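So you know, we letter chains A, B, ... as the sequences are listed, proteins then strands, and number each from 1. Only this structure's heavy atoms are used, side chains among them; waters, hydrogens and symmetry mates stay out. Only a predicted model underlies this, so the values are computations on that prediction, with no experimental measurement involved.
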2 protein chains.
Amino acid sequence: MKNYQKLVAHYQSIHNFEHLRAICSWDQATNMPSGGAESRAQAMAELAVHLHKLHTAEELEELINNASLEQLTEHQHASLREITRVWQHATALPSSLVKAKSLAGARCEHQWRLQRQQNNWPQFKHNFDEVVSLSQEEAQIRADLLGSTPYDAMLDIYEPGMTSVQLDALFGDLASWLPDMIQQAKTSCVDQHNAHFAIEDQTRLANELMAFLGFDFNHGRLDTSVHPFCGGVSQDTRITTRYESTDFLNAMMGVIHETGHACYEQNLPKDMQALPVGKARSMAIHESQSLFYEMQIGRSDAFIQFLSGKAQALFKQQSEHNTPNMLKAQLQQVQPSLIRVDADEVTYPAHIILRYEIEKALINQEIQCGDIPELWDAKMTQLLGISTKDNYKDGCMQDIHWTDGSFGYFPSYTLGAMYAAQFKAAMMQSVNIEQHLSEGDFSPIYAWLKNNVWQHASRYTTEELLIKSTGQPLNTEFFKTHLRKRYCNG
Amino acid sequence: MKNYQKLVAHYQSIHNFEHLRAICSWDQATNMPSGGAESRAQAMAELAVHLHKLHTAEELEELINNASLEQLTEHQHASLREITRVWQHATALPSSLVKAKSLAGARCEHQWRLQRQQNNWPQFKHNFDEVVSLSQEEAQIRADLLGSTPYDAMLDIYEPGMTSVQLDALFGDLASWLPDMIQQAKTSCVDQHNAHFAIEDQTRLANELMAFLGFDFNHGRLDTSVHPFCGGVSQDTRITTRYESTDFLNAMMGVIHETGHACYEQNLPKDMQALPVGKARSMAIHESQSLFYEMQIGRSDAFIQFLSGKAQALFKQQSEHNTPNMLKAQLQQVQPSLIRVDADEVTYPAHIILRYEIEKALINQEIQCGDIPELWDAKMTQLLGISTKDNYKDGCMQDIHWTDGSFGYFPSYTLGAMYAAQFKAAMMQSVNIEQHLSEGDFSPIYAWLKNNVWQHASRYTTEELLIKSTGQPLNTEFFKTHLRKRYCNG
Ligand SMILES: [Zn+2]
Ligand SMILES: [Zn+2]
């Protein structure tokens, strides 16, 4: 085990520097005055270079090869599998390509902020072409190493084990079913007029909800930032939200979502937090936990009842806005719309499927950047009945993900929603969720997730984890059943 | 200049990792939940090891030697002098001694917290003996390198250029003058009863005072911590204070003091912040800026007038507590007391002088740990007329500094007070301080400090800096005159 132990020490060191990065990134989003940006960027760049050096250290290849010949426990085997995976991804690309992509991505993302506002596709496309071409190069190199298609090689970064053959089947099934479902589920628009919720009270409610949902304040905290996120480290998990005085539900749903991410982090096993095998399984499994909290729990009738009680007590002047029916009308609203991040639970998968289809074709070099707007318009029209012709800013220019070449990430959102629905169905076999929620007790739900998901970290592959906890591989039926039940009365 | 440029790149890298350390340390004191302590400690230890590696990198010696033969500007010469100084200190000790001292110091400091409460000198002495013996070893090694006495070699870490010959003269002069001065200056005790100042209002006042004193909120912020400090980095300077609802002056004086430190940091020259020559000159010069703010400005009659106006407007219910006379009675109170950190401007030097005399004898191996309590009692009685016999916790066990072996640091406090008084006297030749303060204008004072102290960073030695800005080396007369003027009506 000499080689394996050396690997453990090496990844402990990486983990420590990643701790510093996590805290300083969090600080950047929550506390840093704007004048501090320049020197922070320099410090973070230095740290990135150092982490890259550690991740690509020459001795790792030999250590990994030798460790695989050592006598390891089953657990250590899993650990070595994950170390190998992390190492392969870290060393896949020549550093010239990493640098070129990072520069092109930073430029494209930076200029996108203004170009999007100006609906300026031609100028955006100029930078984006370069990002795409470098990403295609990246995907080809990764594909050669993994023996997969280029797009599948990108997918593997975020969702190891998932392939586009599987995704085509899963998303194809959803896509053919979704337009009808949306037609049936569509509700009228709800707007809150003249409502006012003091930020101080919203913060108090947010903290109460976090406590209810099992967030451990001895190992984390809630702060404010422009975009909600979950950061920090397992032992000190930092979540954020943003508040608007006219609408408390937005902030609360953000908090509930991030609390799902946080509880996963806080319950990763303590004895292997520093190792790849001790980290969260994948992006989609992470998202499945936040969506379990936000969608399966947070927008359920039982939780809405519970939330209404809390809101009535706290926002006394606004009681007409906080009846269960008013909250339900907002939290279970279904309306096809242009913007993914504002989409509801039912229409959201449509936004993801169209992005998946386009990015897969792009990375596999079956289409070109110039084809995107037309494809976007066609798919939006087909799936949601909304055209985006000439509207780039609310169409293919709306997301940040592609600007820096993060192709392969989008599927995680809808995979997460589907995993969450499947976990819920499995949980219901032993836990009476509605009953517990109506009694104000979240602990059996928390315990199930802890036992079946959180504590396993990356010990099993995603599919193994799913089979272990739900008895079968990912199956779209659970998600479809969930949506039908909530939005079409079964 | 090839070698010099390589040094610049190397110290830029060190600076970047120190940035991460500064932000994470700040976070530790202001935000971190207690459950995060363990993994943070690991990450910080890893970073310390990495910084130590960078500071002691093998190639530095040759680079420094070669750079000294290169054609350098005057400025680069100063920069190389400071690089050399930092390198010499970093490489002076064998790593076994660094590690042993760090372990012994951590143990002694940790156990001191409880031992102090229990007034348990014998148990404390057990750990402290080891810290002292390792510090003596350290001092001897440093002394051999610098060709100085052991204590002077420790002093050089914090106050380069200062020697105990000079300190003996400076502190000896003060010590012989002080007891009489204290007798004359002594005031009665003032206590605020039944006063209440909302923390929210105190925070607002603190921010107003910081703005008045020139703190740049685009490059820094104010937060709360158990012990006030100034941290962060030049471009993002983080100060903290603590609030009590019964007394707003404590928090404000903390804020004014730390704002002095912060303005120095914020005005270090931008183009060389990463290099040793671009850092603050010394501990005592740093303290001179905070004491200039707190003592020379913050406790002056003109500022008290100004502060009273602000306090009257803000704490409307408490106006009887906030008259200029009431504030003056508190801010210019003189009372011999046991505890250094609570001491007033007049008695404070007595606390420092006695510590200096004891630590000098200890490090030069003229006395032993066992001699300290008796010496402490004798010197307290002589200088302040207070005995500490058998009272270790308010005597020689009251400070944290010695517990981890930071011998040589204490003189900085009173050197700082003396530098501040000398800067003030020089400033008054061109700036009518009282007049400007009474008109609510701090900018000429700020500009003088910026031009004469802050912008020079470590370009000059401390003595050169003092001669450049005040026309002469450190002279106790300015401090004595200041105290006589404020506390004995001249
Ligand atoms: Zn999420
Ligand atoms: Zn200070």
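Taking chain B as the reference chain and counting heavy-atom pairs below 4.5 Å, the highest number among A:Cys24, A:Ala43, A:Ala274 is found for A:Ala43. For the options A:Gly220, A:Ser234, A:Pro33, A:Gly36, heavy-atom pairs under 4.5 Å to chain B are most numerous at A:Pro33. Residue with the most contacts toward chain A among B:Glu38, B:Arg40, B:Met44: B:Arg40 (heavy-atom pairs, distance under 4.5 Å). Between chain A and the options B:His15, B:Gln235, B:Glu18, B:Met32, the largest number of non-hydrogen pairs under 4.5 Å is found for B:Gln235. The candidate with the highest count of non-hydrogen atom pairs below 4.5 Å against chain A, out of B:Asp236, B:Asp223, B:Val49, B:Val233, is B:Asp236.
Atom CD of A:Glu61 has 12 or fewer heavy atoms from other residues, nucleotides or ligands within 6.0 Å. Counting non-hydrogen atoms of other residues, nucleotides and ligands closer than 6.0 Å to CD of A:Gln455 gives a total above 12. Residue-environment remark: NE2 (A:His75) exceeds the threshold of 12 foreign heavy atoms within 6.0 Å. The local environment of CD in B:Glu208 is crowded, with over 12 non-hydrogen atoms from other residues, nucleotides or ligands closer than 6.0 Å.
Across all their heavy atoms, B:Asn16 and A:Glu46 have their closest contact at ND2-OE1, 2.7 Å.
Neither the backbone nor the side chain of A:Asp216 comes within contact range of chain B; no heavy atom of the residue lies under 4.5 Å from a heavy atom of that chain. Of the two parts of A:Gln273, neither the backbone nor the side chain holds a non-hydrogen atom closer than 4.5 Å to a non-hydrogen atom of chain B. In this structure, chain B has heavy atoms under 4.5 Å from both the backbone and the side chain of A:Leu20. Of the two parts of A:Arg21, neither the backbone nor the side chain holds a non-hydrogen atom closer than 4.5 Å to a non-hydrogen atom of chain B.
In the model, B:Gln12 has a side-chain atom that pairs as donor or acceptor with a side-chain atom of A:Gln42 under 3.5 Å.
Classified by interplanar angle (parallel below 30°, tilted 30° to 60°, perpendicular above 60°), the ring pair A:His50/B:His50 is tilted.
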Could you please spell out the steps behind the side chain to side chain contact (heavy atoms under 4.5 Å, CB included) verdict for A:Asn31 and B:Asn31? CA-CA 11 Å; A:Asn31 289 313; B:Asn31 288 314; 3.7 Å; yes

